[in-house]
Participant: 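My structure is below; once you've seen it, I'll send some questions.
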Amino acid sequence: MLDISKVRNIGIAAHIDSGKTTLSERVLFYTGKIHQIIEVRDKSGSGPTMDSMDLEREKGITIQSAATYAKWKDYHINLIDTPGHIDFTVEVERALRVLDGAVLVLCGVAGVQSQTSTVDRQMRRYAVPRIAFINKVDRSGANPDRVVQQLDEKLHISPVMINIPIGLEDAFEGVIDLLKMQAVYFDGESGEDIRYAEIPEHLLEEAKNRRNQLIEKLSDFEDGIAEKFLADLPVTIEELVPAIRRQTIALHITPVLVGTAKKNKGVQLMLDAVGDFLPAPNEKKNFALDLDNNEEKVTLETNDSKPFVGLAFKLEDGRFGQLTYMRIYQGKVKKGDFIHNIKTKKKIKVPRLVRMHANEMHDIDEAGSGDIVALFGVECSSGDTFTDDSVNYSMTSMFVASPVIELAVSPKDKSGQVNFSKALNRFTKEDPTFQVKRDEDSGETIIRGMGELHLEIYVERIKREYNCEVIIGKPKVAYRETITQRAEFNYTHKKQTGGSGQFARVGGYIEPIPAEENKNYEFVDKIVGGVISREYIPACDKGFHEQLKEGFLIDQPMVNVRAVLNDGAIHAVDSSEMAFKIASKYALKEIFPKAKPIILEPIMKLETTAPEEFQGVVIGQINQRRGIIINTSNEVGFVVVETEVPLKDMFGYSSDLRGMTQGKGEFTMEFLKYAPVPKSVQEDIIEEYKKSLK
């Protein structure tokens, strides 16, 4: 079994195009997992190890997070390379949910970008300690000091430089290790030969100042170092490393390293920092909810002798059936063991246990707490908790963003219907942000996702992996509806047929839930004196909930609605659960107009980058699309425009931006919030919806 103190479960996360996959490829090369480096845009078509899907290799982006493991010195590293594109943000979310530490990769030129901020929020959500790697310092315009300043000002993560570059842009030669106070060069064809040397004379003074800044930052948190700093006494590397480690794990500081993955410089020092500063599984607190004890929070121990608790955080349907990635939080699991799915209450035998290396599998007989492994033949959904049945614990669910775009899809030939259904079933189990619904009016299958690229990738996968040609409609915005004022209901449902009839009366009101409460629906039971029997209350809740899914204006789900039940009546013979469910549905249908319903549309956070000479046309184009400009900044000949813009007006923006900036403009877009649509736009949307029904 592995020595737990030497295990590191880490993820590599960043804004798109910061060089995560290139960095992962170097990590595998230097740890001896692969013997040849393949670039992301390699013309041979083989592609990097971690981008094992054909689509990833063609598009040069990461779509699915890939897991691997490697040995670096005496450390065992479980590594997950995550996507940078915002459409695949759930892949980052589920990786960070189960990791103990992370490497935040930043571009030395662009620095902190919109998706960097999103990744930072996700790391904070799961209290993940991180180190930062400023990549691409060999590129024109690279400025690591500016990136460090942005980390401090934009992300507030107290960056501490562990090394500094020797030269920049095309003069970048190596780095100065501020802990060892030595220059480090990376020789050999692929930078595999590390050479330590004296610090160049012209950089010695700066290196001393930088080391002093590092010690000063640490002295804010470490009393021993503060005493030496104030007394002007030397601080040794033996004192610095444990202090940096403690404060990184406590989320007080973020160690920063520099390098260039593409030119093979600085990656080995980043690996050293993973071992030196990021936590082992037993150094990060993990919690579960005890379902036998009113969902009380319990701390899980990274201990093989404790009852087994594991979380299935990712599913993949590969060549050999369903592969379930699992993080073991407590206890251990062996091939042939029986484990219990807490959600479905099913008992499952573990037929095969493997460690994943991208798309290759290495069989193992057992795995202990703190490990990340994959299981075969275990039927479950993403986010299910497994135990050995001696405890009834559930891991808290992870945050899943709402889909904002939808597309009507259907198989081209009737013969493809079976494969089409199989594909949709599999993808919804794999990806919680990919949703499927059937439009009852038109009979169409509607798929929903996080963006055009997200749905485009799934349509392409249906064609390739299931050999099923697909007809697709035009992308549509996934609207929501809500109410703007309180409305009271008092509805009686009566039906008399031969034998027993149906009777139910429900009274109460609906009201809007303030947006800051972040609740789509809340049911409040205020029934007193038994006017409605306890057994019928859940049926009322179910009826309200079902009706809200249908909406009122354009058949889109209603959100931010509180339904309060405070009155009603029953009949000794004719009342039933079904009668109360129907009464609740019709009560809402009847009073929706009084609650003044409105349509909500997704507002996106848009960040557009283009050469400065195109600033005017870029801003003009955004204004035409109902965009509100939040901020503009100029960096190295480029303008960065941050905007809030309705998704409805963003279709076709990609080709427009390319056209007006001679192909030099880029943008990233992510969901920000739902907001009411202007009255004139609402009327157009309702009109369009009515036409689609004819």
Side-chain angles (χ1 to χ4, degrees), residues 12-23 26 39-41 60-61 84-85 103-117 119-120 132-155 157 159 161-176 185-186 191 200 202-203 206 210 254 256-267 269-270 606-619 631-643 657-658 660-668:
I12 295 183
H15 182 92
I16 190 165
D17 265 352
S18 297
K20 293 177 306 300
T21 302
T22 306
L23 182 63
R26 273 32 177 205
E39 300 302 345
V40 172
R41 289 178 173 83
I61 61 166
H85 201 288
V103 179
L104 178 64
V105 184
L106 299 119
C107 170
V109 182
V112 172
Q113 294 165 276
S114 61
Q115 185 66 6
T116 322
S117 305
V119 168
D120 174 62
F133 182 72
I134 300 174
N135 193 22
K136 304 188 180 183
V137 294
D138 59 317
R139 271 184 54 188
S140 174
N143 185 344
D145 285 336
R146 192 183 70 240
V147 180
V148 169
Q149 194 181 339
Q150 289 176 342
L151 285 170
D152 202 8
E153 292 170 2
K154 291 187 177 181
L155 303 185
I157 58 174
M161 290 196 89
I162 303 296
N163 59 32
I164 57 170
I166 299 171
L168 276 177
E169 301 179 343
D170 53 6
F172 176 63
E173 294 175 49
V175 299
I176 294 171
Y185 299 97
F186 304 88
H202 68 286
L203 289 171
E206 190 192 344
R210 298 286 189 139
T254 300
V256 180
L257 299 100
V258 299
T260 162
K262 189 147 193 185
K263 298 280 171 65
N264 311 313
K265 290 180 171 70
V267 178
L269 299 191
M270 185 273 291
L606 173 72
E607 189 176 282
T608 306
T609 307
E612 280 173 347
E613 66 261 33
F614 300 111
Q615 181 166 345
V617 288
V618 166
I619 288 173
N631 187 34
T632 60
S633 56
N634 293 63
E635 286 172 18
V636 209
F638 278 79
V639 63
V640 179
V641 185
E642 292 171 41
T643 327
L657 179 66
R658 276 199 298 270
M660 66 187 164
T661 60
Q662 296 167 10
K664 294 171 188 166
E666 291 177 355
F667 75 97
T668 58

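Since the model is a prediction, treat every value here as computed from it, not as a measurement. In this chain, residues are counted from 1 in sequence order. All values below were derived from every heavy atom in this structure, side-chain atoms included, with hydrogens, water molecules and symmetry-related copies excluded.
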Participant: Which distance, rounded to the nearest 0.5 Å, do you find between the CE of M161 and the CG of L151?
Facilitator: 9.5 Å

Participant: Mind listing the closest non-hydrogen atom pair of F133 and L23 along with its distance?
Facilitator: CE2-CD1, 3.9 Å

Participant: Under the side chain to side chain contact (heavy atoms under 4.5 Å, CB included) rule, what do V639 and T609 come out as? Steps first, then yes or no, please.
Facilitator: CA-CA 6 Å; V639 63; T609 307; over 6 Å; no

Participant: Does any non-hydrogen side-chain atom of Q113 lie less than 4.5 Å from one of E607?
Facilitator: yes

Participant: Can you tell me if N135 uses its side chain to pair, donor with acceptor, with the backbone of G108 under 3.5 Å?
Facilitator: no

Participant: Taking all non-hydrogen atoms of both residues, which atom of V267 and which atom of A261 are closest, and how far apart?
Facilitator: CG2-CA, 4.1 Å

Participant: Roughly how far apart are T608 OG1 and I619 CD1, rounded to 0.5 Å?
Facilitator: 9.5 Å

Participant: Would you call V112 and L106 a side-chain contact if the rule is heavy atoms closer than 4.5 Å?
Facilitator: yes

Participant: Starting from the C-alpha separation in whole Å, work towards a yes-or-no answer on side chain to side chain contact (heavy atoms under 4.5 Å, CB included) for Y185 and E173.
Facilitator: CA-CA 7 Å; Y185 299 97; E173 294 175 49; 4.0 Å; yes

Participant: Return the minimal non-hydrogen interatomic distance between I134 and V137, and the atom names on each side.
Facilitator: O-CG1, 3.8 Å

Participant: Identify the heavy atoms of V258 and P144 that sit nearest to each other, and give their distance.
Facilitator: CG1-CB, 4.1 Å

Participant: Nearest 0.5 Å, please: how far is OG in S633 from CD in E642?
Facilitator: 6.0 Å

Participant: If you compare all heavy atoms of R26 against all heavy atoms of N264, which two are closest, and at what distance to 0.1 Å?
Facilitator: NE-OD1, 2.8 Å

Participant: Using 0.5 Å steps for rounding, measure from the CG atom of D152 to the CD1 atom of I157.
Facilitator: 8.5 Å

Participant: So, do C107 and R139 sit near enough that their side-chain heavy atoms are less than 4.5 Å apart?
Facilitator: yes

Participant: Do D170 and K263 sit within salt-bridge range, that is, some charged N less than 4.0 Å from a carboxylate O?
Facilitator: no

Participant: Would you give the length of the straight line joining atom OG1 of T661 to atom CD of Q615, rounded to the nearest 0.5 angstrom?
Facilitator: 13.5 Å

Participant: Testing the basics here: between L657 and G665, what is the closest heavy-atom pair and its distance to 0.1 Å?
Facilitator: CD2-C, 3.7 Å

Participant: Looking at NZ of K265 and CD1 of I166, how far apart are the two atoms once the value is rounded to the nearest 0.5 Å?
Facilitator: 10.5 Å

Participant: Apply side chain to side chain contact (heavy atoms under 4.5 Å, CB included) to the pair V175 and L269, showing each step before the final yes or no.
Facilitator: CA-CA 9 Å; V175 299; L269 299 191; 3.4 Å; yes

Participant: Under the side chain to side chain contact (heavy atoms under 4.5 Å, CB included) rule, what do S117 and L155 come out as? Steps first, then yes or no, please.
Facilitator: CA-CA 7 Å; S117 305; L155 303 185; 4.0 Å; yes

Participant: Determine whether I176 and L203 make a side-chain contact, defined as any pair of heavy atoms from C-beta on separated by less than 4.5 Å.
Facilitator: yes

